[in-house]
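All of these numbers come straight from a predicted model, not from anything done at the bench. Convention: sequence-line order gives letters A, B, ...; per-chain numbering from 1. Computed over heavy atoms, backbone and side chain alike; hydrogens, waters and symmetry mates excluded.
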Amino acid sequence: MSDRRKPYPFDVFESQWQTRWDEQKTFRTPNPGDSDFDATKPKFFVLDMFPYPSGAGLHVGHPEGYTATDIIGRYKRMNGFNVLHPMGWDAFGLPAEQYAIKTGQHPRITTEQNIDNFRRQLKSLGFAYDWDREVNTTDPGYVKWTQWIFIQLYNSYFCEDENKAKPVSELEAKGWTRDQIDAVRLAFVSEAPVNWSPDLGTVLANEEIEEWKAKGHTVERRPLRQWMLRITKYAQRLIDDLDPLDWPESIKLLQKNWIGKSTGAEVAFTIASAAGGASTNNSEQITDNCHEVTVFTTRPDTLFGATYMVLAPEHPLVSTIASPGKAEEIDAYQKACANKSDLERGDMNKNKSGLFTGAYATNPVNGEEIPVWIADYVMMGYGTGAIMAVPAHDERDFEFAKKFELPIIQVVQPKGDEDWQGFIGHGIAVNSGFLDGLPTKEAKSKIISWLVENGKGTAKTNFKLRDWLFSRQRYWGEPFPVLWEDGKHHTAPESDLPILQPELEDFKPTGSPEGPLAKATDWIAYSETAKRETNTMPQWAGSCWYYLRYCDPNNTERFISKEAEDYWSRQPDSGADASQPNNSSPSTDNSSPQGIVDLYVGGTEHAVLHLLYARFWHKVLHDLGHLTTSEPFQRLVNQGLILGEDGQKMSKSTGNVVNPDDVVNEYGADSLRLYEMFMGPLEQVKPWQMKGVEGVSRFLARVWRVAFETNQEGEWAATEKLVDASDDTAKTLRKTVHETIKKVGEDIEKLSFNTAISQMMVCTNAFTNAEKIPVSMFVEFLRVLNPFAPHLSEEINARVASAFDSVSSEMLSEQAWPSYNEEYLIESEVEIVIQVNGKLRDKLIVAKDAAKEDVEALALASDKVKAHTDGLTVRKVIVVPGRLVNIVAN
RNA sequence: GCUGGCGUGGCGGAAUGGUAGACGCGCCUGAUUCAAAAUCAGGUAUCGAAAGAUGUGCGGGUUCGACUCCCGCCGCCAGUACCA
């Protein structure tokens with residue numbers, strides 16, 4: 001096919017326009033302070049999730065979201081907005097480093113090569129990015145500010161009273177000790193057990209484990225010294241502030257579930273040790289053989305129904321309280337649990353395991369003695385690592401109790417006729433002493449009051465969200481700006497930033513918690529007394545704030561200037577008239593979260609982690625007074641996955657991967673762009689069809705042929721169709737063109753690109769069928785087409801402009817979006833549908849403003865209507881003006 | 001299991017409660033051509049010769065009128081997994 005003549009010469013002109021846009025910096029976005037900056041213009045910040053530049057290059061999923069944002073960006077630009085539409089690279093990370101380990105080549109080199117390839121591919125698609133704002137997370141100028149933000153986190157704590165982050169210097173002023181302050185920093189060192197992958201040679205965050213396990217790596221639990229970020233302090237705000245964001249409800253829900261808030265109570269039980277007299281330093285210990293264990297429950301109202309207690313196998317008190325005779329058995333069980341993989345635990349879901357410790361706990365509310373078990377369905381990491389089991393009203397406890405024949409006592413009466421056994425809903429308290437007769441809600445608050453009064457418990461809210469494990473034992477990441485001196489950490493002076501990795505010959509993980517940087521002994525030795533931290537930050541770090549850097553990418557003094565931050569944080573003036581931008585000051589109401597990015601488009605795979613981490617950093621920077629907005633992304637749209645032609649997920653192994661480069665070579669960039677938008681709704685999952693690319697390519701060729709046809713020599717020459725004439729000479733065509741201007745504009749705002757393209761096809765068909773077309777009309781259409789097919793529309797416009805004096809030779813990208821005239825859309829006559837009992841029987845053409853009565857009379861006079869109402873009585877006639885008449889008869 | 005999303009021609013998909021299937025693909029017919037490709041014109045839900053009937057996963061309901069709203073099922077996809 002490539003040898004064959006192209007349906008229109010995209011192979012010649014697409015690259016020419018790309019070069020021109022590049023050289024003239026057509027899509028440069030002026031920033032506050034620039035000479036050509038116009039502060040009266042409203043801003044529009046439209047963002048793509050920046051890619052990780054892999055060696056495989058772009059796949060067709062990338063241009064889907066990128067084309068969507070490109071169309072919006074170009075459209076907003078034409079409507080007078082100062083559009084920020086940037087691109088960059090999330091370039092730290094494991095694949096580049098793994099490649100370096102294999103080949104010995106520095107990851108910087110492969111990263112650069114991959115970036116060059118990605119940039120070339122993106123430029124070949126004609127995206128209107130401001131390339132002067134390109135951001136690269138591995139760039140020293142960028143790393144500097146990532147490290148600076150870490151220092152801000154390190155130097156902050158979360159003030160519970162004000163519900164926000166504040167500088168630790170305030171605590172110093174209050175006379176807090178160094179250790180006290182270290183215990184509250186937002187960036188802190190923890191010795192907690194972590195997920196260590198011996199073959200990757202690094203620690204992984206909880207949420208990363210599955211991904212790497214799926215790739216065949218092993219992960220085990222190990223206690224190690226690690227940097228953590230105190231994201232849990234923001235749990236409540238991260239939930240609350242989701243509300244006003246324009247995000248898909250499903251993504252909000254995903255985040256809420258991830259944060260996992262649950263409210264209930266903590267209840268203290270006492271356990272008489274079965275070990276008899278065994279003594280430890282445990283703080284929960286009351287006397288030599290009497291210990292207090294706190295459980296968390298969301299249903300304190302069922303406390304009377306607790307028939308046994310379960311401790312997590314790892315619970316520190318297990319060995320203390322257990323019967324000496326059980327020690328061996330318990331030890332074996334604990335070991336078995338520790339080695340259990342997640343998969344095995346999944347299987348355990350139905351078949352629970354557990355072991356009686358021999359000890360008994362006392363239920364504080366009624367003094368009942370209940371057996372204490374250990375079981376791996378209770379996890380150490382959540383709540384207190386201990387539960388009171390109420391088998392009658394909890395599924396898990398119910399199953400466990402049935403299996404081990406433990407007593408089941410009803411304490412909630414369902415409102416309906418449901419079986420109380422295993423009933424987990426709300427009802428009326430029974431067999432519960434002073435709670436009897438109370439509905440669940442009231443019973444809860446009454447028991448909590450009782451617990452508080454008796455010193456046996458307290459109301460408590462728990463979150464599933466854990467603090468963020470922030471260090472990695474790898475080479476290709478940002479080093480921590482931290483120095484160790486006398487066993488204490490402190491930050492490196494800001495003047496040291498950026499702190500870059502030392503050059504290494506050997507990138508292999510050491511297998512030790514210090515990571516590969518530990519091999520650079522010269523680099524580590526910071527001074528006589530100080531040593532550098534050898535951990536690096538995870539890949540998330542750079543992607544947590546890249547959207548901010550785009551606003552002021554070359555600033556060497558700040559991560560983002562005050563002026564730039566202020567301007568790009570302005571409330572967008574939706575529906576702004578291009579000629580009269582709204583100058584009203586941005587909202588000063590800090591209580592309502594409002595994102596700096598107006599529209600963020602990307603895949604669902606980042607629904608939880610990236611978006612949550614970025615929101616967290618943004619809030620910290622907001623609290624510390626560095627940002628005016630409290631949220632990063634106001635509106636979020638997830639583009640749907642593009643499947644292979646076979647309806648399967650694209651993958652190398654199935655060989656159904658489509659390479660954008662091939663599509664561009666064969667059909668041109670405009671065809672690829674248009675096809676990706678024409679496939680279906682942006683957010684929907686949809687299969688690729690090469691025939692579909694041909695279809696849109698044919699459409700673009702039809703647009704081309706409205707203006708040009710091949711002459712005898714086989715060259716493209718102007719058609720006779722386009723004429724210098726008033727729009728009045730082609731009223732039907734004018735109506736179609738104005739309908740198109742209206743619908744395409746509305747559809748772009750709705751991100752309904754497939755229907756916008758369909759309307760442009762209708763319009764093109766009208767042009768094709770017209771004898772003569774006023775050239776001004778055709779050019780208006782080209783402006784509408786421009787955001788979708790920028791190369792083709794610019795090329796046709798330039799050629800037409802050289803043939804007609806009346807046509808401006810200015811680039812379409814610099815021109816305004818055309819306006820439509822409502823008057824031209826009005827029809828004098830409309831087709832009315834005539835229904836009998838809701839079924840279509842006839843159609844009538846009537847005047848647009850025909851009176852109801854007249855339309856009704858005409859409808860009743862119709863022969864077809866008469867045929868269907870014959871022998872029936874007309875009961876009612878419904879007339880919807882300009883639409884239909886429905887005759888009800890029986 | 002739970003949560004979310006989706007079920008419309010041969011295919012991708014359109015339809016403020018008001019003509020179901022816009023637009024495109026594919027297919028059929030015709031024009032052009034020595035022929036083909038490309039292009040142009042017309043047709044194309046199903047059954048039926050037609051009149052007409054039937055059709056938006058299934059079953060109910062609301063309504064003059066339901067792809068659209070409500071209730072109950074079925075199927076597919078995605079996410080999640082003992083969070084007390």
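Residue contacts shown for A:K876 are limited to sugar-phosphate atoms, with no base heavy atom under 4.0 Å away. Within the nucleic acid shown, A:P681 comes within 4.0 Å of sugar-phosphate atoms alone, with no base atom in reach, counting heavy atoms only. At a threshold of 4.0 angstrom between heavy atoms, the contacts of A:R841 are confined to the sugar-phosphate backbone, with no base atom among them. Residue contacts shown for A:N769 are limited to sugar-phosphate atoms, with no base heavy atom under 4.0 Å away. No contact: A:V390 has no heavy atom under 4.0 Å from any strand. Residue A:L253 is classed as a sugar-phosphate contact, given heavy-atom separations below 4.0 Å to backbone atoms only. Note on A:R875: nothing from the nucleic acid sits closer than 4.0 angstrom, heavy atoms only. Note on A:I387: a base of the nucleic acid sits closer than 4.0 angstrom, heavy atoms only.
Residue whose closest nucleotide on RNA chain B sits further toward the 5' end, between A:K839 and A:A386: A:K839. Residue order along RNA chain B, read from the 5' end via each residue's closest nucleotide, puts A:T768 first among A:R466 and A:T768.
Pairing of B:rC40, defined by two Watson-Crick or G-U wobble distances under 3.5 Å, is identified with B:rG30. When both pairing distances are held under 3.5 Å, B:rC11 makes a Watson-Crick or G-U pair with B:rG24. Summarising the base pairing, B:rG1 is matched to B:rU80 through a Watson-Crick or G-U wobble pair whose two defining distances lie under 3.5 Å. Both distances falling under 3.5 Å, in either a Watson-Crick or a G-U wobble arrangement, place B:rC6 opposite B:rG75. Summarising the base pairing, B:rU46 is matched to B:rA53 through a Watson-Crick or G-U wobble pair whose two defining distances lie under 3.5 Å. Applying the Watson-Crick and G-U wobble criteria (two distances, each under 3.5 Å), B:rU19 pairs with nothing in any strand. Nucleotide B:rU63 forms a pair with no other nucleotide shown, judged by Watson-Crick or G-U wobble geometry with both contacts under 3.5 Å.
The aromatic rings of A:F423 and A:H393 sit perpendicular, their planes meeting at an angle over 60°, well past the 30° parallel limit.
Residues A:F400 and A:Y377 place their aromatic rings such that the two centres sit under 6.0 Å apart.
Comparing the P positions of B:rA78 and B:rC23 gives an interatomic distance of 33 Å, to the nearest angstrom. Taking the P atoms as reference points, B:rC2 lies 11 Å from B:rC73, given to the whole Å. Nucleotides B:rG65 and B:rA20 have their C1' atoms positioned 14 Å apart, rounded to a whole Å. Comparing the P positions of B:rC74 and B:rC40 gives a spacing of 50 Å, expressed to the nearest Å. For B:rG57 and B:rG52, the C1' atoms lie 27 Å apart once the distance is rounded to whole Å. Taking the C1' atom of each, B:rG7 and B:rG59 are spaced 16 Å apart, rounded to whole Å. Across the P atoms, B:rA49 and B:rG30 are found 23 Å apart, a figure rounded to whole Å. Nucleotides B:rG21 and B:rC6 have their P atoms positioned 23 Å apart, rounded to a whole Å.
Here the closest non-hydrogen pair linking A:I834 and A:A859 is CD1-CB, 3.7 Å.
Base orientation for B:rG13: anti, the chi torsion being more than 90° from 0.
The main-chain N or O of A:L792 is found under 3.5 Å from a side-chain atom of A:D670 such that the two form a donor-acceptor pair. Distance alone, capped at 3.5 Å, places no donor-acceptor pair between the A:R673 side chain and the A:T67 backbone. Side chain of A:D747 to backbone of A:F753: no donor-acceptor contact under 3.5 angstrom is found. Without hydrogens or angle criteria, A:D467 side chain to A:T232 main chain gives a donor-acceptor distance under 3.5 Å.
At whole-Å resolution of the value, CE in A:M677 and P in B:rG12 are 18 Å apart. Distance NZ (A:K403) to P (B:rC82): 17 Å, rounded to an integer number of Å. Atom CH2 of A:W688 is separated from atom P of B:rC25 by 16 Å (rounded to the nearest Å). Between the C1' atom of B:rC77 and the CD1 atom of A:I642 lies a distance of 17 Å, rounded to the nearest Å. Rounded to a whole Å, the CD1 atom of A:I832 is 11 Å from the C1' atom of B:rG18. When the P atom of B:rU80 is taken as reference, atom NZ of A:K256 falls 19 Å away, rounded to whole Å. Separating the CG atom of A:D376 from the P atom of B:rA81 is a distance of 16 Å, rounded to the nearest angstrom. Note: CD (A:E709) to P (B:rU39) measures 15 Å, nearest angstrom.
In the displayed structure, A:E395 atom CD is contacted under 6.0 Å by at most 12 heavy atoms of other residues, nucleotides or ligands.
When each of A:F699, A:W716, A:F10, A:F767 is checked for a ring pair (Phe, Tyr, Trp, His ring centres under 6.0 Å) with A:W704, only A:W716 meets the rule. Screening A:W468, A:Y234, A:W258 for a ring pair (Phe, Tyr, Trp, His ring centres under 6.0 Å) involving A:Y613 leaves a single residue, A:W468.
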Legend entry - Nucleotide-resolved protein contact map, nucleotides 19-24 of chain B, B/S/- at heavy-atom distance under 4.0 Å: B--BBS
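The side chain of A:S262 places an N or O atom within less than 4.0 Å of a non-bridging phosphate oxygen (OP1 or OP2) of B:rA84.
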